Chemist: 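Below you'll find the structure I mean.
Note: hydrogens, waters and symmetry copies are ignored here, and every other heavy atom, side chains too, is used. Protein chains get the first letters and strands the later ones, always in sequence-line order, with residue 1 at the start of each. Keep in mind the model is a prediction, meaning the values are calculated, not measured.
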Amino acid sequence: MQLREGRSLLLLTETCKSLRHAYQIHAQIVVNGLQRHLYSLSKIFSFFALFGCPESLGHARLIFSGTKSPNVFMWNTMIRAHSLSELHHEAVLLYPAMVAKARDLPNNFTFTFLLNSCARLAAPGPGFQIYGHVIKLGFEPDIFIRNALMHFCCSSGLADCARKLFEESSARDLVSYNTMISGMAQMCKPHAALSLFQEMSDSGIWPDEFTFVALCSACSGLNDHGLAKQIHNLVYRYLGFVDCSSGAHLVGSVIDLYTKCGEMDMARKVFSAFQPVKSLPALSSMVSGYARAGKVELARQIFDRVNKRDTILWTAIISGYSQAGRYDEALELYKEMEKSGLKPDQVTLVAVLSACAGLGALTVGERINNQSLRARFFGRDAILVTAVVDMYAKCGKIESALEIFRDVPDSQRTTHLFNAMITGLAQHGLGETAVSVFREMESTKVRPDEVTFTGLLCACSHSGLVEEGRSLFKLMSEFYGINPQMQHYCCMVDLLGRDGKLDDAHDFIRTMPFEANSVIWRSLLGSCKLHGNVEMGKIASAKLLELEPDHGARYVLLSNILATTKQWEEAGRVRKGMEQRGIQKPPGWSYIEISNGTVHQFTASNYRSHPQKEEIASKLRDMNSRLRTAGYAPSTVDVVFDVDEEEKETIVSHHSEKLALAFGLLNSGPGEVLQIMKNLRICGDCHLAFKLLSKAYAREIIVRDTARFHHFRNGLCSCKDFW
DNA sequence: ATAGGGTTAG
């Protein structure tokens with residue numbers, strides 16, 4: 001076809017329908033030497049630029065760089081195209097080039113597109129520069145640009161700046177309100193969002209779908225089911241019947257709002273009635289909502305029925321299992337996800353790492369950490385770093401946790417990260433280090449919270465830092481204004497009791513602003529045991545029985561105490577009462593991970609079905625003979641103050657950690673450190689046995705129980721026999 | 001101009 005002049009060219013470019021067609025038209029323009037018809041050229045150029053695939057954008061770039069002096073429309077299209085392809089940095093960099101070369105000045109479209117990209121950049125710097133140009137060139141009154149400026153401010157956390165722009169606007173339209181409400185949602189200011197909504201309806205502006213999507217997301221963190229219902233009602237009042245066709249996003253947002261405040265019945269209702277074709281966001285909301293409500297099975301049912309899953313849905317179910325403490329199943333699901341070919345992102349890795357931390361699965365955890373390093377997620381995500389530090393600490397590698405923590409720059413250290421580090425150090429009995437990390441926290445002006453002090457006080461009590469603990473307890477309320485909670489008192493009672501200040505500890509309990517719970521009495525009892533104070537032990541155990549009548553250990557405890565004071569009849573009655581109520585101690589289990597990364601679980605006295613049962617039995621015999629050689633005798637004092645959570649059988653009892661140890665000794669090389677996780681506190685017998693065995697086998701053994709880590713080495717334990 | 005999944009303690 002012969003193209004002779006601009007008019008026929010224009011007609012042709014305007015009928016362009018497919019990418020192939022566009023290539024043909026462009027070829028004809030080039031063949032006929034018609035590039036000088038800039039208006040037509042820019043039309044076909046914008047088709048390529050906005051088509052939305054990397055290849056067509058590449059072609060658009062070619063056309064653009066071959067054009068001698070592009071007009072503003074072409075520059076704007078370039079910026080817009082990069083912005084739509086999430087290439088915000090490139091979009092912003094086009095602006096200086098444009099100012100230097102363009103024959104026309106930037107217009108309002110230029111700034112709207114640019115500010116949109118600035119809003120999505122991590123740093124506010126470029127946006128500020130553009131802001132300056134907007135003022136210089138007199139575009140500030142333009143409502144589109146004002147809205148774009150507000151959007152930029154909100155996305156960069158500049159709430160006051162956004163608020164000022166909004167207040168000083170002579171005209172505020174629907175988009176102004178929507179932008180502000182959605183900005184308040186992003187900045188977690190739900191009350192500001194609500195009052196903006198109120199203001200909006202007072203000024204007669206009718207809200208739309210966008211308004212409610214923003215309002216739902218702003219209020220989803222409030223955990224207020226009454227408010228959720230009110231917002232749902234408002235949607236009806238203003239928009240009438242909303243279903244998937246008229247507002248797919250909005251339905252999803254309402255569902256999410258309900259799931260976040262635990263209203264799963266309402267969420268389910270909206271989900272089944274108004275979303276005939278289930279959207280992935282709504283599915284993810286439902287899955288994590290059920291999981292958060294402790295209904296993992298229901299979450300799983302929904303998950304299983306989805307054919308096309310994405311990373312977010314997988315993450316929802318994995319973290320659901322992890323939060324429910326079903327760590328092994330969480331890891332299984334993660335394996336399945338990998339098999340399906342989907343790539344995890346930061347959030348997925350956080351969920352998996354927390355499962356590893358729960359299991360003490362170091363090998364898997366390290367693999368996940370390497371993955372996050374390879375994907376360059378690490379260091380850019382504060383939560384991910386926290387999860388990694390926590391994983392290392394809970395897997396026994398406290399030095400690795402510290403190393404990683406040290407590499408995080410001050411600006412990226414959050415309260416959560418400090419808490420994970422301090423808590424980890426506390427569990428390893430490294431009280432002095434925990435306190436010095438806290439001093440760092442104070443000097444970097446990261447605000448401690450109640451979790452920080454729980455960790456700190458716990459660290460002090462595990463390391464016997466009595467005076468330090470007392471002064472931190474004061475600091476918490478007097479300087480930081482944090483009211484001590486039950487766990488803080490609990491740490492203090494532990495701390496004082498351990499130091500032999502039993503009367504002080506008892507006074508502490510009496511002067512508490514609330515009734516002491518069983519944990520506190522149990523802690524006092526532990527101190528009574530350590531310091532041999534039978535009288536106070538009786539008081540504590542009586543309180544325990546009163547508070548936890550269904551807890552088997554308390555019956556045993558009381559009956560033992562009564563027995564020592566020769567109150568045989570009473571002791572028998574307590575025992576009988578316990579049997580009649582069918583109370584048992586909870587089953588104990590232990591995990592051990594061997595070096596091939598597999599995790600093995602053992603329950604007390606149960607290994608008969610294990611494939612290595614013969615070897616385990618013989619190793620147990622070997623362990624017992626070595627124990628006898630080392631002069632092991634079961635502790636009789638212990639029985640009086642039986643604070644153990646697990647039922648004892650014989651001296652040769654096979655508590656789960658002993659089975660795990662036998663298995664570990666069988667399946668590891670000499671000198672390899674063995675690490676065992678236990679679901680209850682380790683008992684006195686096992687503790688003594690492990691100390692002796694660490695020497696007898698010349699092995700370092702690490703046991704993580706519910707309270708802390710025990711590092712057994714050369715006949716001694718890092719807990720110095722207090723736990 | 002729109003939605004969904006995450007970390008610390010007890």
Chemist: Using a 4.0 Å heavy-atom cut-off, does A:Asn147 contact any base of the nucleic acid, only the sugar-phosphate backbone, or nothing at all?
Modeler: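 A:Asn147: no heavy atom of the nucleic acid under 4.0 Å.
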
Chemist: Measure from CZ on A:Arg380 to P on B:dG6 and round the result to the nearest Å.
Modeler: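 Interatomic distance, CZ of A:Arg380 to P of B:dG6: 20 Å.
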
Chemist: Under 4.0 Å, heavy atoms only, any strand: does A:Thr311 hit a base, just the sugar-phosphate, or nothing?
Modeler: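 The residue A:Thr311 makes base contact.
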
Chemist: Checking all strands, does A:Lys260 fall into the base, sugar-phosphate, or nothing category for heavy-atom contacts under 4.0 angstrom?
Modeler: sugar-phosphate

Chemist: Do we see A:His249 stacking on the base of B:dT2, given a limit of 5.5 Å between centres and 30° between planes?
Modeler: no

Chemist: Among B:dA3, B:dT8, B:dG10, which nucleotide has an atom closest to any side-chain atom of A:Cys458?
Modeler: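 Taking heavy atoms from C-beta onward, the closest nucleotide is B:dG10.
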
Chemist: To the nearest Å, how far apart are A:Phe378 CZ and B:dT7 C1'?
Modeler: 12 Å

Chemist: Please report the distance, rounded to the nearest Å, between CZ in A:Phe418 and P in B:dT7.
Modeler: 20 Å

Chemist: Looking at B:dG4, does its base get a donor-acceptor pair with the side chain of A:Ser285 below 3.5 Å?
Modeler: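 Absent.
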
Chemist: Hey, what do you get for CE (A:Met512) to CE (A:Met486), rounding to the nearest 0.5 Å?
Modeler: 4.5 Å

Chemist: Can you tell which of B:dA3, B:dA1, B:dG10 lies closest to the side chain of A:Phe210?
Modeler: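 Looking only at heavy atoms from C-beta outward on A:Phe210, the closest nucleotide is B:dA1.
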
Chemist: Taking the minimum atom-to-atom distance to the side chain of A:Lys394, which one of B:dT8, B:dG5, B:dG4 wins?
Modeler: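 Looking only at side-chain atoms, A:Lys394 lies closest to B:dT8.
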
Chemist: Calculate the interatomic distance between A:Leu349 atom CG and B:dG5 atom P; express it in whole Å.
Modeler: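 Between P of B:dG5 and CG of A:Leu349: 17 Å.
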
Chemist: Output the single nucleotide from B:dG4, B:dA1, B:dT8 whose closest atom is nearest the side chain of A:Asn116.
Modeler: B:dA1

Chemist: Check whether any side-chain heavy atom of A:Asp173 sits under 4.5 Å from a side-chain heavy atom of A:Ile143, and report yes or no.
Modeler: yes

Chemist: Select one nucleotide: of B:dA1, B:dT8, B:dG6, the one nearest the side-chain heavy atoms of A:Asp208.
Modeler: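 Nearest listed nucleotide: B:dA1.
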
Chemist: With a 3.5 Å cut-off and heavy atoms only, can you find an N or O donor on one side and an acceptor on the other between the side chain of A:Thr315 and the base of B:dG5?
Modeler: yes

Chemist: Given atom CZ of A:Arg447 and atom C1' of B:dT8, what is their separation to the nearest angstrom?
Modeler: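 It is 17 Å, rounded to the nearest whole Å.
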
Chemist: Angle between ring planes, A:Phe709 versus A:His428, binned at 30° and 60°: parallel, tilted or perpendicular?
Modeler: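 Parallel.
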
Chemist: Out of B:dA3, B:dT2, B:dA9, which has the shortest distance to the side chain of A:His151?
Modeler: B:dT2

Chemist: Provide, to the nearest angstrom, the distance between the CD1 atom belonging to A:Ile422 and the P atom belonging to B:dG10.
Modeler: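 Spelled out: CD1 on A:Ile422 to P on B:dG10 is 13 Å.
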
Chemist: Any base atoms under 4.0 Å from A:Leu384, or only sugar-phosphate, or nothing? Heavy atoms, all strands.
Modeler: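 Since a base atom lies under 4.0 Å of A:Leu384, the category is base.
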
Chemist: So which nucleotide from B:dG5, B:dA9, B:dT8 ends up closest to the side chain of A:Asp345?
Modeler: B:dG5

Chemist: Name the nucleic acid region contacted by A:Asp310, choosing base, sugar-phosphate or nothing; use a 4.0 angstrom heavy-atom cut-off, strictly under.
Modeler: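 Answer is base: heavy atoms of A:Asp310 come under 4.0 Å of a base.
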
Chemist: Using a cut-off of strictly less than 4.0 Å, decide whether A:Gln323 has a side-chain nitrogen or oxygen near OP1 or OP2 of B:dG6.
Modeler: yes

Chemist: With the stacking rule set at 5.5 Å and 30°, tell me whether A:Trp314 counts as stacking on B:dG5.
Modeler: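 So A:Trp314 does not count as stacking on the base.
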
Chemist: Which is true for A:Thr259 with a 4.0 Å heavy-atom rule: it touches a base, it touches only sugar-phosphate, or it touches nothing?
Modeler: nothing

Chemist: Regarding A:Arg120, tell me which of base, sugar-phosphate or nothing describes its non-hydrogen contacts under 4.0 Å with the strands shown.
Modeler: sugar-phosphate

Chemist: Give A:Asp390 one of three labels, base, sugar-phosphate or nothing, depending on what nucleic acid heavy atoms sit under 4.0 Å from its own.
Modeler: sugar-phosphate

Chemist: Let's see if you can work this out: which of B:dG6, B:dT8, B:dA1 has an atom nearest to the side-chain heavy atoms of A:Ala420?
Modeler: B:dT8

Chemist: Could you give the CG-to-P distance, from A:Leu456 to B:dT8, as a whole number of Å?
Modeler: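 My rounded result for the distance is 18 Å.
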
Chemist: Please work out which of the three classes, parallel, tilted or perpendicular, describes the rings of A:Tyr238 and A:Phe212, given edges at 30° and 60°.
Modeler: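 Geometry flag for A:Tyr238 against A:Phe212: tilted rings.
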
Chemist: Can you tell me the distance, in whole Å, between the CG atom of A:Leu313 and the C1' atom of B:dA3?
Modeler: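 Value for this atom pair: 14 Å.
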
Chemist: Reckon A:Thr454 touches a base, only the sugar-phosphate, or nothing at all at heavy-atom distances under 4.0 Å?
Modeler: sugar-phosphate

Chemist: When all nucleic acid strands are considered with a 4.0 Å heavy-atom cut-off, which category describes A:Ser182: base, sugar-phosphate, or nothing?
Modeler: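 A:Ser182: no heavy atom of the nucleic acid under 4.0 Å.
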
Chemist: Return yes if a side-chain donor-acceptor contact under 3.5 Å exists between A:Thr454 and A:His488, otherwise no.
Modeler: yes

Chemist: Looking only at side-chain atoms of A:Leu280, point me to the closest of B:dG6, B:dG10, B:dG4.
Modeler: B:dG4

Chemist: If the test is ring pair (Phe, Tyr, Trp, His ring centres under 6.0 Å), which one of A:Tyr489, A:Phe418, A:Phe438 qualifies with A:Phe453?
Modeler: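 Of the listed options, the one satisfying the test is A:Phe438.
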
Chemist: Out of B:dG5, B:dA1, B:dA9, which nucleotide sits closest to the side chain of A:Val451?
Modeler: B:dA9

Chemist: Does any non-hydrogen side-chain atom of A:Glu442 lie less than 4.5 Å from one of A:Leu475?
Modeler: yes

